[in-house]
Participant: 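Take this structure first; my questions come after.
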Amino acid sequence: EGFAIEAAPIHEDGKYRTAGYISGDVDGENVRVHFVRADLSADLGSAIKHSVSKARQIIDEQGKALLKKTQL
């Protein structure tokens, strides 16, 4: 759909918070938006999978409009 997803879970108190970046082009310029969610995972692998899943959900719900925001 023209988006790139970068999982970037945040390590907190022995767990990993769902987070990452979604990027895409707006008027020829690459825009990168940071997202953070309340969800926690016990291990990094699960957190990465969940971060990618959440990013896809955000893209499905908001489409290109998400690229006009600075943070989700």
Side-chain angles (χ1 to χ4, degrees):
E1 294 183 37
F3 294 97
I5 297 170
E6 178 185 346
I10 300 167
H11 189 250
E12 294 180 354
D13 299 322
K15 296 188 180 186
Y16 295 89
R17 183 168 305 281
T18 298
Y21 298 90
I22 300 170
S23 58
D25 288 332
V26 175
D27 299 326
E29 180 182 341
N30 189 276
V31 176
R32 188 174 185 226
V33 181
H34 188 233
F35 70 92
V36 178
R37 293 294 180 261
D39 308 293
L40 295 173
S41 298
D43 63 272
L44 182 57
S46 295
I48 289 171
K49 288 178 186 176
H50 195 257
S51 295
V52 170
S53 176
K54 277 295 183 182
R56 288 184 178 142
Q57 181 181 0
I58 293 167
I59 292 166
D60 289 344
E61 291 172 357
Q62 299 185 32
K64 286 277 188 182
L66 73 89
L67 296 174
K68 295 179 182 175
K69 300 176 181 181
T70 56
Q71 187 166 331
L72 301 169

Participant: Using side chain to side chain donor-acceptor pair (under 3.5 Å) as the criterion, list what pairs up with Gln57, not counting sequence neighbours.
Facilitator: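 Listed in chain order: Lys54, Glu61.
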Participant: Give, for atom OG of Ser46 and atom CG of Asp39, the distance between the pair rounded to the nearest 0.5 Å.
Facilitator: 12.0 Å
Participant: Minimum heavy-atom separation for Pro9 to Ala7, with atom names?
Facilitator: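 Taking Pro9 first and Ala7 second, the nearest heavy atoms are CD-C, 3.6 Å.
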Participant: Does CG in Asp60 sit with more than 12 non-hydrogen atoms of other residues, nucleotides or ligands closer than 6.0 Å?
Facilitator: yes
Participant: For the CD1 atom of Ile22 and the CD atom of Glu6, what is their distance to the nearest 0.5 Å?
Facilitator: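 The CD1 atom of Ile22 sits 11.0 Å away from the CD atom of Glu6.
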Participant: side-chain contact (heavy atoms from CB on, under 4.5 Å), that's the test. Do Phe3 and Leu67 meet it? Break it down for me.
Facilitator: CA-CA 10 Å; Phe3 294 97; Leu67 296 174; 3.8 Å; yes
Participant: Where is the tightest heavy-atom contact between Ile5 and Ala55, given as atom of each residue plus distance?
Facilitator: CG2-CB, 3.6 Å
Participant: Identify the heavy atoms of Val33 and Lys69 that sit nearest to each other, and give their distance.
Facilitator: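 Shortest heavy-atom contact: CG2-O, 3.3 Å.
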Participant: When you group the ILVMFWY residues by side-chain heavy-atom contacts below 4.5 Å and let the links chain together, are Ile10 and Tyr16 in the same group?
Facilitator: no
Participant: Using every non-hydrogen atom in the two residues, find where Phe35 and Tyr21 come nearest and quote the distance to one decimal.
Facilitator: CE2-N, 3.6 Å
Participant: Without swapping roles, check the side chain of Ser51 against the backbone of Ala47 for a donor-acceptor pair under 3.5 Å.
Facilitator: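 Yes, Ser51 side chain to Ala47 backbone: donor-acceptor pair under 3.5 Å.
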Participant: Can you tell me if Glu29 has over 12 outside heavy atoms packed within less than 6.0 Å of its CD?
Facilitator: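 Not more than 12 within 6.0 Å, no.
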Participant: Can His50 and Thr18 be counted as having a side-chain donor-acceptor contact under 3.5 angstrom?
Facilitator: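 Yes, Thr18 and His50 have a side-chain donor paired with an acceptor closer than 3.5 Å.
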Participant: Which pair of non-hydrogen atoms, one from Ile59 and one from Leu66, has the smallest distance, and what is that distance?
Facilitator: CA-CD2, 3.8 Å
Participant: Can you tell me how far apart CZ (Arg37) and CD1 (Ile58) are? Round to the nearest 0.5 Å.
Facilitator: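 Separation between the atoms: 4.0 Å.
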Participant: Give a yes or no on this: more than 12 heavy atoms of other residues, nucleotides or ligands lie within 6.0 Å of atom NZ of Lys49.
Facilitator: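 Counting neighbours around NZ of Lys49, 12 or fewer heavy atoms of other residues, nucleotides or ligands fall under 6.0 Å, so no.
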Participant: Is it true that a side-chain atom of Arg17 and a backbone atom of Ala38 form a donor plus acceptor pair closer than 3.5 Å?
Facilitator: yes
